[in-house]
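Both backbone and side-chain heavy atoms feed into the values below; hydrogens, waters and symmetry mates do not. Since we're looking at a predicted model, the values are computed, not measured.
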Amino acid sequence: MKSVTICSSNKFAKEALEFAAELEKLGVTVFVPEFYTYHHGPLEDISDHNREYLAMGLTYAHFQKIRKADAILLYNVDGYIGTSVTLELGFAVGLGKRVYAISDKEEDVCRGILVDGITATPAELARALA
């Protein structure tokens, strides 16, 4: 079975983690974001100096997860991905990774053309990765 890195806004952390757990039950190796604010609270609670280093660490750590995986999944509820996930999408495409999304809604035509397939459920994504 293949591997996937989930790229998702913190807005959808709970749902993305549930999606990841279902994928793992199907035998897929899954890498997930840290979801710092979901687990630890708002970044505004951290000093400016430390926030910069935290953001840098989280970004580079997630890029490593993208490097390791065969594909990425944009966990894009109603088409939303945000700034960080847009960066992750570009990084993944630059590495030649396949890109899947859970929603076919996309406000930006440039991002939309980079998606290889829509897989709304863990089972659909597992089949696509097989």
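- Here the closest heavy-atom approach between residue Phe19 and residue Ala120 is recorded as CE1-O, 3.6 Å.
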Notebook entry, point to check: Checking side chain to side chain contact (heavy atoms under 4.5 Å, CB included) for the pair Asp70/Val4: CA distance, chi angles, key distance, verdict?
Noted result: CA-CA 6 Å; Asp70 297 305; Val4 66; over 6 Å; no
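- Residues Glu124 and Ile118 come closest through the heavy atom pair OE1-O, 4.3 Å.
- Minimum heavy-atom separation, Pro122 to Leu23: O-CD2, 3.4 Å.
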Next item on the list: Could you please spell out the steps behind the side chain to side chain contact (heavy atoms under 4.5 Å, CB included) verdict for Ile66 and Phe31?
Entry: CA-CA 8 Å; Ile66 292 168; Phe31 304 103; over 6 Å; no
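- Considering OG1 of Thr29 and CD of Glu24, their distance stands at 8.0 Å, rounded to 0.5 Å.
- The line from CG of Leu74 to CD of Glu88 is 9.0 Å long, rounded to the nearest 0.5 Å.
- Of all non-hydrogen atoms in Pro33 and Ile6, the two that sit nearest each other are CD-O, 3.2 Å.
- Interatomic distance, CD1 of Ile81 versus OG1 of Thr86, reported as 3.5 Å (0.5 Å rounding).
- In this structure, the separation between CD on Gln64 and CZ on Arg67 is 4.5 Å, given to the nearest 0.5 Å.
- Between the side chain of Ser9 and the backbone N or O of Phe12 there is no donor-acceptor pair closer than 3.5 Å.
- Shortest non-hydrogen contact noted between Leu114 and Val99 is O-CB, 3.5 Å.
- Rounded to the nearest 0.5 angstrom, Leu73 CG and Lys97 NZ are separated by 14.5 Å.
- Residues Val77 and Tyr100 fall within the same hydrophobic cluster, defined by Ile, Leu, Val, Met, Phe, Trp and Tyr side chains chained together at heavy-atom separations under 4.5 Å.
- In this structure, the separation between CD1 on Ile102 and CD on Glu15 is 9.0 Å, given to the nearest 0.5 Å.
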Item checked: Working for side chain to side chain contact (heavy atoms under 4.5 Å, CB included), residues Tyr75 and Cys7 -> CA-CA 6 Å; Tyr75 198 87; Cys7 298; over 6 Å; no
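- With 3.5 Å as the limit, one finds no donor-acceptor pair spanning the side chains of Asn76 and Ser103.
- A side-chain donor-acceptor contact under 3.5 Å links Thr5 to the backbone of Lys65.
- Relative ring orientation between Phe91 and Phe63 is described as parallel, the plane-to-plane angle staying below 30° on a 0-90° scale split at 30° and 60°.
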Checklist line | Derivation and outcome, side chain to side chain contact (heavy atoms under 4.5 Å, CB included), residues Leu87 and Thr59 | finding: CA-CA 9 Å; Leu87 291 170; Thr59 300; 5.7 Å; no
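- Scanning both residues, Ala69 and Ser3, for their nearest heavy atoms gives CA-OG, 3.3 Å.
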